[in-house]
Amino acid sequence: MGVDLGDLLERENIEIKDLSGRWIAVDAFNTLYQFLSIIRQQDGTPLRDGSGRTTSHLSGILYRMTNLLEAGAKVAFVFDGDPPSFKRETLDQRAETRSRAEEMWERAKEEGLPGFKYAQASSRLGEEMIADSKRLLDAMGIPVVQAPSEGEAQAAFMAIRGDVDLVASQDYDALLFGAPKVVRNMAVTGKRKLPGKNVYVDVMPEVISLDKELSRLGIERRQLVEIGIMCGTDYNEGLRRVGPKTALKLIREHGDLERALMARCETIESAAEIRGLFLDPPVTDDYVIETKKPDAEKILRFLCDERDFSPERVDKAVKRLQEAVKVGQSTLDKWF
DNA sequence: CGCGAACA
DNA sequence: TGTTCGCGG
């Protein structure tokens, strides 16, 4: 998913407490999808309420955001609008991959074989899950921003304007959209299980700074976008046997995408339009980000009465949340 | 993933 | 006080 520029970019490890006092625009789709695919039972079934509605994402939002806010961070969630037309093929492909994974999961269950990875791959973020997420975030006092198109583009725009300090996403796309700083692995606990075996590794939050990387690589943002396009994005397939390293070499050698493609006698359909989409995406300045007090009653009613969460656990989280917001506001008061 | 009980 | 592990919904 997204542009795979990981091999090209240097990251700076940080700690959650370094995010204190910072505004973070969270790529909602990316984060919720992560929750949905990872917060599951041993057999791969996501957490569900009594009526069978999925609740993994709500658990993720409640506890992780409480932790972040407790660490002093300020958070806004940015939701996707309509996908660009160029994304159609990618979306169709993902739908197909999902339904194949669904079949494999069914088969694994019938034969009593482990099917966790198929369950993960069949994750689908439904409309009701999106609505539930917005409802919980609102009750928690976390601002929700609706992007006209790509959430990462909107989040990057907010960061460029200085309304937020960082964009949070596992993908690198926000950098191509111009986000000055992207934070990845924004989890609280360090240890994470490796996909394959029962091996645990330390996963630290990390920040990638766009300007720093551009000057280190000796390229401009436009060229980084072109490197992404050569490797493949959500909007195009990319050249065969060309990864980030090769693409960087080609762009350095030839200066821009058109010349690099010409030199290799290759073409990429709609390359110029896709580059334009990254450099000047549809975004809006019609958003408000301000921290509100969490509505304890709303959170408890929703999660406990409607989604079968444990009142004890939710109550505990809500108390921490209220304390975090109170502390955050009084800290702010000291400055003004 | 994150919580919290159990355990060292 | 720190780590492990099963459950949460």
Sugar-phosphate only, base, or nothing, as touched by A:Arg307 at under 4.0 Å among non-hydrogen atoms: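 Result for A:Arg307 = sugar-phosphate.
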Audit row: A:Phe302, A:Phe309, ring pair (Phe, Tyr, Trp, His ring centres under 6.0 Å) steps and yes/no: CA-CA 9 Å; A:Phe302 177 37; A:Phe309 276 63; 8.3 Å; no
Touch class at under 4.0 angstrom, heavy-atom based, for A:Ser56 against every strand present: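 If one applies the 4.0 Å heavy-atom cut-off, A:Ser56 turns out to touch nothing in the nucleic acid.
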Spacing of A:Leu58 atom CG relative to B:dG2 atom P, expressed in whole Å: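 It works out to 15 Å between those atoms.
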Atom pair CG (A:Leu217) and CZ (A:Arg252), whose distance is rounded to the nearest 0.5 Å: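 If I round to the nearest 0.5 Å, the distance is 6.0 Å.
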From C:dG8, B:dG4, B:dG2, nucleotide with atom closest to A:Lys316 side chain: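 The answer is B:dG4, which lies nearest to the side chain.
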Atom-pair distance (CD1 on A:Ile16; P on B:dG2), nearest Å: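 Going from A:Ile16 (CD1) to B:dG2 (P), I get 8 Å.
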Minimum-distance nucleotide to A:Tyr63 side chain [options: B:dG2, C:dG8, B:dG4]: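 So the nucleotide nearest the side chain must be B:dG2.
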Interatomic distance where CD1 belongs to A:Ile39 and P belongs to C:dG6 [whole Å]: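 About 18 Å, once rounded to whole Å.
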Donor/acceptor link under 3.5 angstrom from A:Gln41 side chain onto base of C:dG9: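 Indeed there is one.
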Between C:dG9 (P) and A:Arg48 (CZ): distance, integer Å: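 After rounding, the reported distance stands at 15 Å.
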A:Glu306 and its salt bridge (Lys or Arg N to Asp or Glu O under 4.0 Å) partner, picked from A:Arg135, A:Arg301, A:Arg53: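 That would be A:Arg135.
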Nearest heavy-atom neighbours spanning A:Asp7 and A:Lys245: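 Closest pair (atom of A:Asp7, atom of A:Lys245, distance): O-CE, 3.8 Å.
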Length of the CZ-P vector between A:Arg64 and C:dG8, whole Å: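 Rounded to whole Å, this separation is 21 Å.
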Integer-rounded Å distance: B:dG2 P and A:Gln34 CD: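 These atoms are roughly 11 Å apart.
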Length of the line joining A:Ile38:CD1 and C:dG8:C1', which is rounded to integer Å: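 In whole Å, C:dG8 C1' lies 16 Å from A:Ile38 CD1.
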Separation of atom CZ in A:Arg40 from atom C1' in C:dG9, rounded to whole Å: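 So the CZ-C1' distance, A:Arg40 to C:dG9, works out to 13 Å.
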